[in-house]
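What follows is a single structure, written as structure tokens, with notes after it.
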Amino acid sequence: MSTVDSDIKAALVSALKTACDAGELPKFEMPADIPLERPKQDTMGDLATPLCMQLARMLHLAPIVIATTVVKHLPTLEAIGQAEAVKPGYINLRYNPEWLTRQVDAIMAAADTFGNCDLGNGQRVQVEFVSANPTGPLHIGAARNAVLGDAIARVLDAAGYAVQREYYVNDAGSRVRVFGETLYARYAQALGRDVPLPQDGYMGQYMADMANDIIGQVGDKYLQAPHDKAVLELGAEGLRRVVASAEADLAFMGIRYDRWFSEATLYSDGTYDRALSILRDGNHLEKHDGALWFKAIELGGGKDEVVIRSDGTPGYFASDIAYHYNKFAIRGFERVIDVWGADHQGHVPRMRAMMQALGLDPSCLTIILYQLVTLKRGGEVVRLSKRTGDIITLREVLEEVGADAVRFFLLARDADSQMDFDLDLAKEQSEVNPVYYVQYAHARTSSILRFAGDVDYSQGDVSLLTTEAEQALIRRMIRLPEVVRIAAEHLAPHHLAYYAQELAASLHTFYRDCRVVNPEPGAEQITLARLKLVAACRTVLARTLHLMGMTAPDVM
RNA sequence: GCCCCAGUAGCUCAGCGGAUAGAGCAACUGCCUUCUAAGUAGUGGGCCACAGGUUCGAGUCCUGUCUGGGGCGCCA
């Protein structure tokens with residue numbers, strides 16, 4: 001489908017050359033890329049190129065003169081029915097209606113693969129997302145990360161990349177120790193011991209709940225063990241539970257990972273030592289103030305960063321070094337995408353410096369930063385404090401508003417855009433909620449096909465689809481490949497949300513203007529053609545929804 | 001103080017250097033004996049924060065200013 005664009009570009013180049021050879025245009029160097037865009041208004045056509053305005057200066061000719069000449073020599077193309085040179089110097093192109101309607105058959109043939117492209121060429125890319133500290137249930141802040149990361153993975157998959165989804169489990173840091181201490185304290189308290197919570201411990205009620213749960217299963221055996229051993233084992237047990245609950249929460253919104261990667265293994269399998277020795281050999285490490293530092297400044301990393309603290313324990317950055325060394329040098333990913341909240345934005349320059357110091361290409365690592373979400377309820381900001389344990393969990397929100405609504409709302413904005421997430425609005429099942437608007441369109445197509453019964457419309461003649469509404473709908477449908485391509489190139493799945501609404505709008509307009517199942521005599525053929533159109537549209541809607549990780553309901 | 005992100009219709013936001021800047025909601029006016037009205041047609045609404053610059057062409061790129069958010073820990 002996207003070959004149409006390249007055919008058009010080739011045809012434009014060919015027209016330019018013909019005009020040159022005929023002496024109608026002066027000789028000049030062909031531009032490397034031919035710009036092709038969607039006109040702002042439908043009346044202008046389906047595609048347009050401002051090419052001639054760019055050439056005007058070089059050729060010392062008015063853009064409109066060049067455009068007229070190019071149009072004159074434009075070879076005929078199957079997809080293009082009309083080419084026109086207009087005012088400032090655009091060439092506007094209009095699809096050939098017969099070609100357009102044939103795309104319905106093409107979509108039916110492509111089915112679930114419609115919209116895919118081979119942009120990625122099978123390149124191995126890893127998307128690492130969420131990766132929240134496993135010290136408590138996922139809270140709502142993780143939702144945007146989850147939705148964004150998963151949609152990026154889905155889009156890249158559709159764009160022909162070999163995608164691996166990964167969750168990085170921070171099971172090695174000092175916070176895990178504190179987590180174990182907290183759990184131990186709650187455990188002991190529940191068994192009647194007066195053990196204080198650690199400084200900086202986790203205050204949430206969930207820790208006490210977890211302690212009780214563990215007691216229910218294994219009793220007081222950890223009280224018998226030596227303190228350090230108990231903390232360690234209890235911490236590990238708690239961690240297992242927290243990770244399992246994260247996995248369950250994410251699965252609840254349709255997100256599955258290929259791998260849950262343990263930070264601790266970086267230290268046990270030698271990766272950490274290897275990565276660090278590379279930095280040492282490259283003279284990127286320096287000891288002062290009792291700590292070992294990564295010299296990021298000299299590589300443009302903003303500020304130097306502690307690798308090993310003065311107490312001898314490795315900091316989070318030590319793990320990051322080893323982890324990214326593992327991703328590229330050991331597992332061989334050609335490209336890695338990390339999805340981070342904007343509050344980690346200061347680390348990005350250091351990550352680039354680190355890549356360089358490890359002898360890796362910094363451009364192979366893309367860090368997607370998303371702005372933080374303000375949670376609202378009926379227009380009121382909902383304040384959260386993780387410190388006091390006063391959190392809103394992802395699970396609560398999923399159960400309250402539903403996974404589809406959470407996904408759509410958090411996906412419908414550019415990652416760079418700060419946004420409010422209004423729980424009451426997301427929950428509202430009315431016209432103010434675009435989630436239902438889009439899903440309703442899909443349900444409507446299903447409903448029409450249901451109503452039609454067992455009719456075999458596979459031989460429907462799509463060339464009968466000549467009305468404005470029918471053709472407008474097809475125009476929208478065939479845009480999906482382009483939307484996927486753009487979303488993949490920019491790692492910006494929000495384009496899907498806008499496209500979904502446009503496609504739904506076209507379907508609804510078509511529904512109003514065109515009776516599909518028409519029992520009147522003589523309407524048999526148009527009924528079959530329209531049923532095929534509806535089926536194709538249903539495919540495109542479902543595909544779009546699935547790329548966003550949403551369900552496509554048949555009944556609403 | 002320095003760094004990052006944003007500032008576009010009353011509100012929430014799209015807008016891959018190109019044409020008369022778009023969508024949803026809100027407001028107003030219409031449309032259900034018809035396959036789902038969770039729908040649809042129309043109207044009004046804009047110095048694209050501000051000031052310079054680059055360009056044939058700037059909401060889009062550059063510089064500065066203002067406003068909002070985030071960051072600048074031997075936390076992650």
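Order of the sequence lines fixes the chain letters, A, B, ..., with proteins taken first and strands second; residue numbering starts at 1 for each chain.
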Find which nucleotide of RNA chain B each of A/R512 and A/A291 is nearest to by heavy atoms, and output the residue with the more 5' nucleotide.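 Here A/R512 is the residue nearer the 5' end.
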
Both A/M419 and A/P314 contact RNA chain B. Which one's nearest nucleotide lies toward the 5' end?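 Residue closer to the 5' terminus by nearest nucleotide: A/M419.
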
Taking only distance into account, with no hydrogens and no angle test, what donor-acceptor pairs under 3.5 Å do side-chain atoms of residues 35-45 of chain A form with protein atoms, sequence neighbours excluded?
residue : atom : partner : partner atom : Å
A/R38   : NE   : A/E482  : OE1          : 2.9
A/R38   : NE   : A/E482  : OE2          : 3.4
A/R38   : NH2  : A/E482  : OE1          : 2.7

Counting heavy atoms from C-beta on, name the nucleotide in [options] closest to the side chain of [X].
{"X": "A/D416", "options": "B/A6, B/G15, B/C16", "result": "B/A6"}
{"X": "A/N92", "options": "B/A76, B/G39, B/A19", "result": "B/A19"}
{"X": "A/Y498", "options": "B/A37, B/A76, B/A14", "result": "B/A14"}
{"X": "A/V306", "options": "B/C56, B/C74, B/C35", "result": "B/C74"}
{"X": "A/H347", "options": "B/G15, B/A76, B/A41", "result": "B/A76"}
{"X": "A/I448", "options": "B/A19, B/C35, B/A14", "result": "B/C35"}
{"X": "A/N170", "options": "B/A76, B/U12, B/G39", "result": "B/A76"}
{"X": "A/M556", "options": "B/A14, B/A38, B/C35", "result": "B/A38"}
{"X": "A/Q418", "options": "B/G69, B/C56, B/G15", "result": "B/G69"}
{"X": "A/K303", "options": "B/C75, B/C72, B/C5", "result": "B/C72"}

Between [N] and [M], how many Å separate the two [atom1] atoms, rounded to a whole number?
{"N": "B/C48", "M": "B/G1", "atom1": "C1'", "value": "31 Å"}
{"N": "B/A76", "M": "B/A19", "atom1": "C1'", "value": "50 Å"}
{"N": "B/C66", "M": "B/A26", "atom1": "C1'", "value": "30 Å"}

For the backbone of [Y] and the side chain of [X], can you confirm whether one donor and one acceptor N or O come within less than 3.5 Å of each other?
{"X": "A/T445", "Y": "A/R538", "answer": "no"}
{"X": "A/D289", "Y": "A/A291", "answer": "no"}
{"X": "A/R413", "Y": "A/Q418", "answer": "no"}
{"X": "A/S447", "Y": "A/A443", "answer": "no"}
{"X": "A/H324", "Y": "A/D320", "answer": "yes"}

I want to verify the glycosidic state of B/C28; is it syn or anti under the 90° rule?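 Classified anti.
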
Specify the separation, in whole Å, of atom [atom1] of [X] and atom [atom2] of [N].
{"X": "A/R530", "N": "B/U34", "atom1": "CZ", "atom2": "C1'", "answer": "14 Å"}
{"X": "A/Y316", "N": "B/C74", "atom1": "OH", "atom2": "P", "answer": "10 Å"}
{"X": "A/F510", "N": "B/G39", "atom1": "CZ", "atom2": "C1'", "answer": "14 Å"}
{"X": "A/F421", "N": "B/G69", "atom1": "CZ", "atom2": "C1'", "answer": "20 Å"}
{"X": "A/F408", "N": "B/C25", "atom1": "CZ", "atom2": "P", "answer": "12 Å"}

Taking only side-chain nitrogens and oxygens of A/R309, does any of them come within less than 4.0 Å of OP1 or OP2 of B/C75?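 Yes, A/R309 has a side-chain N/O under 4.0 Å of OP1/OP2 on B/C75.
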
Reckon A/S417 has a side-chain N or O less than 4.0 Å from the OP1 or OP2 of B/A14?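 The answer is yes; a side-chain N or O of A/S417 sits under 4.0 Å from OP1 or OP2.
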
Where at least one partner belongs to residues 44-61 of chain A, residue pairs that pass side chain to side chain donor-acceptor pair (under 3.5 Å), sequence neighbours excluded: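 Listed once each, the pairs are A/D46-A/R475.
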
Return the stems involving RNA chain B, sorted by first number, where pairs are Watson-Crick (N1-N3 with N6-O4 or O6-N4) or G-U wobble (N1-O2 and O6-N3), both under 3.5 Å, and runs are 3 or more long.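 Output for stems: B:1-7 with B:66-72, B:10-13 with B:22-25, B:27-31 with B:39-43, B:49-53 with B:61-65.
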
With heavy atoms under 4.0 Å as the rule, sort [X] into base, sugar-phosphate or nothing.
{"X": "A/Q54", "value": "base"}
{"X": "A/H344", "value": "base"}
{"X": "A/E482", "value": "base"}
{"X": "A/V555", "value": "base"}
{"X": "A/C52", "value": "nothing"}
{"X": "A/F317", "value": "nothing"}
{"X": "A/V307", "value": "nothing"}
{"X": "A/T509", "value": "sugar-phosphate"}

Keeping to residues at least two apart or across chains, list the salt bridge (Lys or Arg N to Asp or Glu O under 4.0 Å) pairs with something in residues 437-448 of chain A.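 Output for this query is empty, none listed.
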
Lys NZ or Arg CZ of A/K327 over A/Y323 ring: under 6.0 Å, within 45°: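 Yes, cation above the ring, under 6.0 Å and within 45°.
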
Going by the ring pair (Phe, Tyr, Trp, His ring centres under 6.0 Å) test, which pairs reach into residues 288-320 of chain A, not counting sequence neighbours?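 Listed once each, the pairs are A/H288-A/W293, A/F294-A/F317, A/Y316-A/H347.
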
If you count the non-hydrogen atoms of other residues, nucleotides and ligands that lie under 6.0 Å from CD in A/E468, is the total more than 12?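 Open.
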
Tell me, yes or no, whether the heavy-atom count around A/K303 atom NZ, taken from other residues, nucleotides or ligands under 6.0 Å, exceeds 12.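 For A/K303, atom NZ is crowded (more than 12 foreign heavy atoms under 6.0 Å).
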
Heavy atom of residues 34-51 of chain A under 4.0 Å from RNA chain B: which residues?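 Heavy-atom cutoff 4.0 Å gives A/E37, A/P39, A/K40, A/Q41, A/M44, A/A48, A/P50.
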
Going by modelled atom types, is there a donor-acceptor pair between the base of B/G70 and the side chain of A/Q345 at under 3.5 Å?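 Side chain to base: pair found, below 3.5 Å.
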
